[in-house]
A.B. asks: 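Have a look at this one before I ask anything.
Numbering of ligands and ligand atoms starts at 1, following listing order.
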Amino acid sequence: MTIAEQVDWLSILVVHGPNLNLLGQREPGVYGLATLDDINRWLESDGEKLQAKVSPVQSNHEGALVDAIHTALGQHQGILINPGAYTHTSVAIRDAIAAVKVPTVEVHLSNVYRREEFRHHSYIAPVAIGQISGFGSDSYRLGLQALVNYLRQVS
Ligand code: DQA
């Protein structure tokens with residue numbers, strides 16, 4: 001790739017929260033059979049078509065996720081995040097997204113609004129541009145597309 005071609009590329013941080021490392025074997029009836037590696041590969045390949053370099057990170061620890069979000073400052077133009085169970089509990093992750101002010105799309109494999117009531121509230125949604133929930137691994141792919149479209153419109 002030439003330098004001229006690289007100039008228009010966006011850099012997107014993809015953040016996967018707790019237990020998502022077990023995708024493929026974790027409650028497949030709810031979360032599907034795709035593994036985290038599958039999802040990351042699909043995002044990488046979609047990203048190439050969208051001229052967006054995708055950098056995935058996964059952690060089961062809230063502080064590590066906060067640290068990862070901080071790395072977006074000055075390094076990534078957008079964040080695609082599935083905060084997992086921290087969606088429903090974490091003021092720290094919400095504050096990190098608000099602090100870095102990097103446009104963020106929240107995604108969920110399952111439709112959290114059709115599930116237990118404790119999953120209906122998201123601490124992240126008010127600081128995200130938008131949320132996509134319920135389309136399995138396509139939630140990530142739709143989220144990446146929406147984030148890139150948003151970034152191209154504002155830049
Ligand atoms: C999830 C939904 C959360 O409620 C749950 O705790 C997860 C995964 C999803 O992708 O559907 O870990 O974020």
A.B. asks: Does an N or O from L20, backbone or side chain, lie closer than 3.5 Å to an N or O of ligand 1?
C.D. replies: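 For ligand 1, there is no N or O atom that lies under 3.5 Å from one belonging to L20.
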A.B. asks: Consider ligand 1: state whether an atom of it lies below 4.0 angstrom from any non-hydrogen atom of N19.
C.D. replies: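 It does not, in that no heavy atom of N19 comes within the 4.0 Å cut-off of ligand 1.
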A.B. asks: Which heavy atom of G143 sits nearest a heavy atom of V107, and at what distance?
C.D. replies: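 Closest pair (atom of G143, atom of V107, distance): CA-CG1, 4.1 Å.
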A.B. asks: At the 4.0 Å heavy-atom cut-off, does R26 count as touching ligand 1?
C.D. replies: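 Contact present.
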A.B. asks: When only distance counts, is T87 in polar contact with ligand 1, meaning an N/O pair under 3.5 Å?
C.D. replies: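 Between T87 and ligand 1, no N or O pair is found under 3.5 Å apart.
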A.B. asks: Any heavy-atom pair between the side chains of L151 and P103 that's under 4.5 Å?
C.D. replies: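 They are in contact (side-chain heavy atoms under 4.5 Å apart), so the answer is yes.
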A.B. asks: Find the distance between CG (L147) and OG1 (T104) and round it off to the nearest 0.5 Å.
C.D. replies: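 Reported to 0.5 Å precision, the distance equals 7.5 Å.
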A.B. asks: Report the relative orientation of the aromatic rings in H16 and Y140; use parallel for angles under 30°, tilted for 30 to 60°, perpendicular for over 60°.
C.D. replies: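 Correct class here is tilted.
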A.B. asks: Measure the distance from atom 2 (C) of ligand 1 to every protein heavy atom, then report the residue, atom name and distance (to 0.1 Å) of the closest one.
C.D. replies: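 Protein heavy atom at minimum distance: V112 CG1, 3.7 Å.
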A.B. asks: For atom 9 (C) of ligand 1, what's the nearest protein heavy atom and its distance?
C.D. replies: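 For this ligand atom, the closest protein heavy atom is L109 N, 3.4 Å.
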A.B. asks: I want to know if ligand 1 touches R115 in the polar sense, i.e. an N/O pair below 3.5 angstrom.
C.D. replies: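 R115 vs ligand 1: no N/O contact under 3.5 Å.
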A.B. asks: Can you confirm whether H121 is buried at NE2, in the sense that more than 12 heavy atoms of other residues, nucleotides or ligands lie under 6.0 Å from that atom?
C.D. replies: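 Enclosed.
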A.B. asks: Would you mind reporting whether L109 and S139 have side-chain heavy atoms less than 4.5 Å apart?
C.D. replies: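 Not in contact.
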A.B. asks: Starting from atom 11 (O) of ligand 1, which protein heavy atom do you reach first, and at what distance in Å?
C.D. replies: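 For atom 11 (O) of ligand 1, the nearest protein heavy atom comes out as S110 OG, 2.6 Å.
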A.B. asks: Can you check whether V107 has an N/O within less than 3.5 Å of an N/O in ligand 1?
C.D. replies: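 It does not: no N or O of V107 is found under 3.5 Å from an N or O of ligand 1.
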A.B. asks: Cut-off 3.5 Å, side chains only: do E106 and S122 have a donor facing an acceptor?
C.D. replies: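 Looking only at side-chain atoms, S122 and E106 do form a donor-acceptor pair, the distance falling under 3.5 Å.
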A.B. asks: Out of curiosity, Q58 CD to L36 CG, how far, rounded to the nearest 0.5 Å?
C.D. replies: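 Reported value, rounded in 0.5 Å steps: 6.0 Å.
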A.B. asks: Nearest non-hydrogen contact with atom 4 (O) of ligand 1 belongs to which option: H88, H120, H108?
C.D. replies: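 Nearest option to atom 4 (O) of ligand 1, by heavy atoms: H88.
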A.B. asks: For Y86 and ligand 1, answer yes if some heavy atom of the residue is under 4.0 Å from a ligand atom, otherwise no.
C.D. replies: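 Y86 does not count as a contact of ligand 1 under the 4.0 Å cut-off.
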